[in-house]
Protein chains: 2
Amino acid sequence: MHITQHTDYALRVLIYLASNEQRLVTIQEISERFEISRSHLMKVVNQLIRNGFVEGLRGKGGGLRLARPPQQIAVGDVVRRMETDLALVECFHETSRCLLTSTCQLKGVLGAALEAFFASLDKVALSEVLGPSQRALLHVLKRAP
Amino acid sequence: MHITQHTDYALRVLIYLASNEQRLVTIQEISERFEISRSHLMKVVNQLIRNGFVEGLRGKGGGLRLARPPQQIAVGDVVRRMETDLALVECFHETSRCLLTSTCQLKGVLGAALEAFFASLDKVALSEVLGPSQRALLHVLKRAP
DNA sequence: TAAAAGAGTCAATCTAAATGAATCTTTTGG
DNA sequence: CCAAAAGATTCATTTAGATTGACTCTTTTA
C-alpha cells in the first residue's frame, strides 16, 4: 500500500510554500532544495495549481504561492486530489472479472476503510504538519503588519 | 493507492473457503474457479497458511480449510499481514532523504490515517463479507448436526 | 509406493510510476 | 518592444515492483 511519490512531492511543495508564505518561490528553487528534477516537479506543481492549492505567476519575477492560507488546506484534500487511482482492488472497477463481485461485500468494506483514511487526514490542516520552528515563523508573520 | 493483487487474491481465497467450510478445497480447484495460475495462487495460499488463517493438509485427499471460523477472522488482519510494504511515503523509511523529515509531522499524520483505515477493516469479520446466499449457507451449515 | 497435494526456487514479463529532454507560452522589467 | 524569466506541455525513456509461470522439491496417505 503506497501513496505515489507524486503526492509525496506535492505535500512537500505545499509545506515549503507554507513555510515561505511571505514571498514567491520558484519551481527552480524547490527542485534544488529537494533535489528533484525540475521537469518532474513541474508536473506536480501543475496539478497543484489546477486543483486550486497553489497560484502560479508566470513571467519575470514570477513564482508560486499558496492559493489559500495553510490553515484552510486539508491534507486529506491534497492526497485525494493528487492520487489519480483510488481503486484499492480490482472489484472497484466496472470491468472487474472477479466472479465474486456481484455477491461479496468487500468493495463496500474497503470503500468504508478508505473513507476512514481520508476522514482522518481531513482533520489535519497544512499548517499543522509544519515543524515547530516553521509554525513559529508562521505565527510571527501573522502578527507582523 | 492500491492494495496488491496478492492481498486481493488472499481475500478471495478466504471467502471461497468460508463458503465451503464443510469440506477440503484444493488449490487446483480455486485456481480454476478464479482463473488464476496455480503456482501464483500457491504463493498466496502459502502466506495465508504461514499467517495462521488457513490450514493446508498435504497428500492424497488433502486440501485447504480455514484455520478458524470466519467469524473470528478480521478482514483488517488479513490485509495487514498480506501487504508487505505499508510504508505510505518515503519518510516512513529510516533511509528517507527528504530534508523535511526531521521537522515535519506528515509521517505521524499519515500513520494515524493508516491506523484509521485498518481500524475500519478490523471491525469486519470474514463471515460478514460473504454474499447473502453464501452467508445463508453458512447459517444452515452451523445448524446441521 | 505411486499419486495427490502443497512448498520452494528462479527467471521472465508486464505495468505503472518516475524521469528527463526538448519545445512551447506567458509575462514583465528595462 | 523584446529578451529573459518563469511556468506549461509533449514525448520518449528508464526503472522498480508486481505479476506470472515453468520446474523441481517434499510430504502424506490411500
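Note on naming: letters A, B, ... go to the chains in the order of the sequence lines (proteins, then strands), and numbering restarts at 1 for each one.
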Rounded to whole Å, how long is the line connecting atom [atom1] of [X] with atom [atom2] of [N]?
X	N	atom1	atom2	answer
E55(B)	dT28(D)	CD	P	13 Å
L24(A)	dT27(C)	CG	P	15 Å
F53(A)	dG7(D)	CZ	P	19 Å
R38(B)	dG8(C)	CZ	P	14 Å
I30(B)	dG6(C)	CD1	C1'	12 Å
L57(B)	dA7(C)	CG	C1'	14 Å
L64(B)	dA4(C)	CG	P	17 Å
M42(A)	dT9(D)	CE	C1'	10 Å

TODO: Please determine which of R81(B), E83(B), R12(B) meets the side chain to side chain donor-acceptor pair (under 3.5 Å) test together with T7(B).
DONE: E83(B)
TODO: Begin from the C-alpha positions of I49(B) and N46(B) and carry the test side chain to side chain contact (heavy atoms under 4.5 Å, CB included) through to its verdict.
DONE: CA-CA 5 Å; I49(B) 292 177; N46(B) 258 251; 5.7 Å; no
- [ ] Flag yes if more than 12 heavy atoms outside R68(B) fall under 6.0 Å of its CZ atom; otherwise flag no.
- [x] yes
- [ ] Walk me through it: do M1(A) and L114(B) pass the test side chain to side chain contact (heavy atoms under 4.5 Å, CB included)?
- [x] CA-CA 10 Å; M1(A) 211 161 127; L114(B) 196 58; 3.6 Å; yes
Open item on the list: For F117(B) and L86(B): C-alpha separation, side-chain torsions, deciding distance, then whether side chain to side chain contact (heavy atoms under 4.5 Å, CB included) applies.
Closed with: CA-CA 12 Å; F117(B) 177 82; L86(B) 287 174; over 6 Å; no
- [ ] Working to the nearest 0.5 Å, report the span between CG of L48(A) and CD of E55(A).
- [x] 13.0 Å
Task: From CD1 (I27(B)) to CG (L64(B)), nearest 0.5 Å - done: 5.0 Å
Task: Check: A116(A) main-chain N/O paired with S120(A) side-chain donor or acceptor under 3.5 Å - done: no
Open item on the list: When you measure from the side chain of Q72(B) to the backbone of P69(B), do you find a donor-acceptor pair of N or O atoms at a distance under 3.5 Å?
Closed with: no
TODO: Over all heavy atoms of both residues, which pair between S37(A) and S31(A) is shortest? Give the atoms and the distance, please.
DONE: C-CB, 4.4 Å
Check nucleotides 1-5 of chain D for protein N or O atoms closer than 3.5 Å to its own N or O atoms and list the pairs.
none

- [ ] Using a cut-off of strictly less than 4.0 Å between a heavy atom of the residue and any atom of DNA chain C, enumerate the qualifying residues of residues 44-52 of chain B by number.
- [x] N46(B), I49(B)
Task: side chain to side chain contact (heavy atoms under 4.5 Å, CB included) evaluation trace for V78(A) with L126(A) - done: CA-CA 9 Å; V78(A) 178; L126(A) 179 59; over 6 Å; no
Please list, for nucleotides 13-20 of chain C, all pairs of protein and nucleotide N/O atoms separated by less than 3.5 Å.
unit_1: dA18(C); atom_1: OP1; unit_2: Q5(A); atom_2: N; d: 2.7
unit_1: dA18(C); atom_1: OP2; unit_2: Q5(A); atom_2: N; d: 3.4
unit_1: dA18(C); atom_1: OP2; unit_2: H6(A); atom_2: N; d: 3.4
unit_1: dT19(C); atom_1: OP2; unit_2: H40(A); atom_2: NE2; d: 3.1
unit_1: dG20(C); atom_1: N7; unit_2: K43(A); atom_2: NZ; d: 3.3
unit_1: dG20(C); atom_1: O6; unit_2: K43(A); atom_2: NZ; d: 2.3

